[in-house]
Amino acid sequence: MTYIRGDVRELLLAGHTNAEIARRLGVDPSTPARARTVLGLPQPKPGRRPAATAEDLFWRRVKPVGDHMVWTGYRNNSGAPSLRHGGRTLSAYRIAYRIATGREPDGYALPSCGREGCVKPGHHADRTDRAEARKVDQLYSAIFGGAA
């Protein structure tokens, strides 16, 4: 019996291509191809498929680097990672925030992990998150007399 990673299986059954899965999970493209064969799923047709959602397009434009992700796609005039979907230009930071939290950010979503330009979901904070972090820092300073 051949072992198939659960995350690979889930993405295959959701209809993702081998290349998308390899990029998203940081695995060799042969991994999802072999799993597809074992599961009896047809190999995807060659060529680019249009992204069904902005989130799908987001995953096509990121590259894992250690515990972070870098943006490989379009950047707007100010250099912020962006993508175009459904006739709109969207912030990659907002999409990453939405993927991680399941909600739209309050105000700007910005990297909060310390790595400039990181687009990994879960590495962003919105206005509400930043206000909460400031409150924690102030409380820490009041109790311990220094910065957190």
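- Scanning for side chain to side chain donor-acceptor pair (under 3.5 Å) contacts around Arg103 gives Tyr97, Asp126, with sequence neighbours left out.
- Residues passing the salt bridge (charged side-chain N to carboxylate O under 4.0 Å, His left out) test with Glu116, sequence neighbours excluded: none.
- Grouping the Ile, Leu, Val, Met, Phe, Trp and Tyr side chains by contacts below 4.5 angstrom, directly or via other members, places Leu25 apart from Val62.
- For CZ of Arg9, the number of neighbouring non-hydrogen atoms (other residues, nucleotides, ligands) closer than 6.0 Å is 12 at most.
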Criterion salt bridge (charged side-chain N to carboxylate O under 4.0 Å, His left out) on Glu132 and Lys135, from CA distance to verdict: CA-CA 5 Å; Glu132 286 298 316; Lys135 286 180 190 177; 3.5 Å; yes
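- Residue Asn18 comes nearest to Pro32 through the heavy atom pair O-CG, 3.5 Å, listed as atom of the first residue, atom of the second, then distance.
- Listed by chain and residue number, Asp28, Arg34 satisfy the side chain to side chain donor-acceptor pair (under 3.5 Å) test with Ser30 (two or more places apart in sequence, or in another chain).
- Scored by the side chain to side chain donor-acceptor pair (under 3.5 Å) test, Asp67 finds Lys120 as partners (sequence neighbours excluded).
- Side-chain atoms of Tyr3 and Arg5, non-hydrogen and from C-beta on, do get closer than 4.5 Å to each other.
- Contact check on Glu55 versus Arg98 returns a salt bridge, with a Lys/Arg side-chain nitrogen under 4.0 Å from an Asp/Glu carboxylate oxygen.
- Screening residues 24-83 for ring-ring contact (aromatic ring centres under 6.0 Å, His included) gives Phe58-Trp71, His68-His123 as the qualifying pairs, with residues at least two apart or on separate chains.
- In terms of heavy atoms, Thr72 sits closest to Arg60 at OG1-O, 4.4 Å.
- Qualifying side-chain contact (heavy atoms from CB on, under 4.5 Å) partners for Ile143, counting only residues two or more places apart in sequence or in other chains: Leu139.
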